[in-house]
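A quick note: this is a predicted structure, and the numbers were derived from the prediction, not measured. The first residue in the sequence is number 1, and the count goes up from there.
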Amino acid sequence: MQLNRSNFLKFLIQSEPGKPAISNGLRAALGLGIPMLIGQLINQRESGLLVGLMAYFVNLANVGGPYRIKAKAMAQATVGIAVSVFVGTLVAKVPLLAVVLTFIWGLASGFASLYGNAGANVGLVVGTSFITTIAQPGNLETALMRSLLCLIAGGWAMLLSLVMWPFRPYDPLRVALADCLNAIANYIQKFVDKVAAPESILEIRKALETARITLGTLRIGQSARSWINEQFLVLIQDGDRLLGSVIALTELLETHFKQQQYYAVQQLVDDALAEISVILQAIAKVISRKSASIDLGNLNRIYEALKEQESLQRRAIAGSETDYTTLVALSNLVLTIEKLIKQLQYTAQTVKSLEDRSKISRRDVDRLLLVEEEQRSLLSLLKENLTLDSAIFRHALRIGVALAVGVIFYSVTNLPMGYWVTLTIMLVLKPNLGATFQRFFQRVGGTILGAILAAVILATITSKVVLDIIILLTVFFGISLIRFNYGYSVVFLSIFVLLIIDIGHPIGWQFAGFRVLNTLIGAGLAFASHYFIWPNWERDRLPSQLATALRECHKYFQDVMAVYQGTKERDSTIISQRRQTGLAIGNAQASFQGLLREPKMHKELVEPVMTLLLYMGRFTNAVTVLAVHLGSILFWRIALRLEVWGYTNKTRLRGFQRVRAGGLRLCSRDFQSPGVSSKSGCSLHLEHFRGTVPLPELETFVRQVSIMLEQLADSIQQEIPPPPLPDLEETLQKIQPHLQALRTARIEELAVNQGHTPIRQAVIDYSILDLEIDQIVRRLTAMHSAIVRLISSK
């Protein structure tokens, strides 16, 4: 796809989600500024600058998250930088050895990404320190002195980040949970405002996964159970279930409540959604240690008004099946909002207990952590990727070759400040071509603008004090913006670099010109190496990602429908599969975004892929509505609590088995938990899917949809046209008479005031199915059509 002028400009200046990292910028400025000040005071300005720069490098290895991860990454970066500077100083005078070691260091830096984001950052700063040092030769004494200063710099950076900064190990987890709840609140608000925001679900999923990983990391190394870990575990689960319930609610509203007869209900529901959004934001503030009041009073009043509307609709039924269908839809809506209210109540209680630290005696929960780090030796992980089939291995080779070529080029041509060629390669070259393409233009554009501004500053300002202040400000803004928009960050960092080159010596336009020239050469080599050395095209990866997402949709559909068919009991695997499906769709979406950044992208692919991703999400939403109907939120909450507390008492377990079997009542004498009344007898009435006799032809419908999903996945992965859709409409027409018969029978029961009957329960079980299977067919049809267009466009 060719980028036109406006799209190209947008392509360069577009920012990542989130806000500038002000605290990171402040830490970087202090990390650089204080050593520079000390160096001036003791008349060792260049040594102070070196310590500040290396501290700046070590700070770049600070990936955030739990303190354990930050400390480990920064310690590794400190040692790696010290070794790199020592070796680089000694080999700088031996060109052939410098080239060979540059290749090895580049290879190692590429492989570092095997160990996650922390490893990638450590690899980047270690590789960067080596390629900058080989341009500055020295003897053994110089190498030892530089290495010692690097160790001091690393210690200073770690002191600043891990000790002097507030020590709150649970803050990253609190931030992740608050981000998740705020993202759900934003999703709700956008829905109320009629703003399409499919990316919001991906944002919520990302926040949930961040919370899971953070919790798992915090738990590793703890010798005993932690009450606070258990509370955060429950909140993560609450976030996942809240997401499912909100999706179910918005799906019901979008597909079934657009008719005129629902006008009064729509106003109430919009008010309810707005109130839910406010409550979620308040809960997020409390989790983040901010002052907020969590009040469900208004939401409960809106809920009572909705129940009154349901009651009015019930009284208005006059033997009309249409009126009864309207009542069924309204009843399901009210039930979904009721579940959301209960979930919000329990989440608010957990947040309050988290803040009050009211501990409850429980058993060990080590086995219940949802996130476990797979412990594998570094060597075994490395060996698994020593093959050209590994994208990481190919990228590592690409980095090593490109850096070696860069060193040879600036050595042969005697290019001034030639290390900027290899430094640019290191920063521009990314694992996929789309990201490299974008980084290429951001780096070049930012460098040119920064060099011009730096030259103007140096030509007009002579005061060292003012220049030092500008240096600190450029570091602050450069680091604050680096994850928000790389192009903006490069502008400030380019100014910073040019101001510190040969500090104390006159610098003019000539240096700025060399800076721009070297950046252009390095960016060109980076792009060329990615283009010609095992190019990693997203267009090659996308079919596999889409096929995986379709297969996860299939598994989710099968798990949920198996309960409706009576071949499986509802259990927590449904929630787990919903998560896996969401992650798979998110991965496919990320791959598609990478495809859009690639220089050779056929515009004919855009619409069908967008359509397929959209309707995969909507297909999943329809299945989520059915999944939420299977069991009350309270059931899952108590199930989780029982697991967390590690109950083994046979009497209590029998009570739990009774709930799992589909009983309608939970007995407090069996559980005696904080979430259930302590009075004797049965305290709470639950009404959900109870597994009545499966509908005729439902098995045929499920089998047809399952086969079709597998065929669509195979089609897109093998790039072959999918087979025609089965006649799903005919199957629906066979199911509908049974549903109509149930509704008619129930209307007759209502005429004689019959309450809890088998027919009533059957209607409860299958009314939501009646509403959603038609949506499933429509969305499957749209997915099939999109894949046909996608295959034909290739």
Q) Got a sec, which residues hit side-chain contact (heavy atoms from CB on, under 4.5 Å) with Ile469, two or more places apart in sequence or on another chain? A) Val465, Leu473
Q | Validation row: Pro137, Thr89 side chains within 4.5 angstrom (heavy atoms) | A | no
Q: Work out which heavy atom in Ala77 is nearest to a heavy atom in Val125; give both atom names and the distance.
A: CB-CG2, 3.9 Å
Q) Counting N and O atoms only, with roles assigned by atom type, does the side chain of Ser489 sit under 3.5 Å from a partner on the main chain of Gly478, one being a donor and the other an acceptor? A) yes
**Q.** Asn518 (side chain) donor-acceptor with Tyr419 (main chain) under 3.5 angstrom
**A.** no
Q. Just by modelled atom types, is the Gly123 backbone N or O under 3.5 Å from a matching donor or acceptor in the Ser109 side chain?
A. yes
Q) Stepwise, does the side-chain contact (heavy atoms from CB on, under 4.5 Å) test hold for Phe103 with Leu397? A) CA-CA 8 Å; Phe103 172 79; Leu397 281 175; 4.1 Å; yes
Q | Under 3.5 Å donor-acceptor, Arg398 side chain and Ile533 backbone | A | yes
Q.
Can a donor-acceptor pair be found, under 3.5 Å and without considering hydrogens, that links the side chain of Ser591 to the backbone of Asn587?
A. no
(Q) So does Ile287 get a backbone contact from the side chain of Arg174, meaning a donor-acceptor N/O pair under 3.5 Å? (A) yes
**Q.** Exam field: side chain Trp105 to backbone Ile131, donor-acceptor pair closer than 3.5 Å
**A.** no
Q.
I'd like to check the side-chain hydrogen bond (donor to acceptor under 3.5 Å, both in side chains) partners of Thr78; sequence neighbours left out, ordered by chain and number.
A. none
Q. Under 4.5 Å between any side-chain heavy atoms of Ile457 and Leu467, yes or no?
A. yes
Q. Do the side chain of Ser411 and the main chain of Ile408 share a donor and acceptor less than 3.5 angstrom apart?
A. no
Q. Between the main-chain N or O of Thr447 and the side-chain N or O of Thr519, is there a donor-acceptor pair closer than 3.5 Å?
A. no
Q.
Would the distance check show the side chain of Asn59 and the main-chain N or O of Gly31 forming a donor-acceptor pair, the cut-off being under 3.5 Å?
A. no
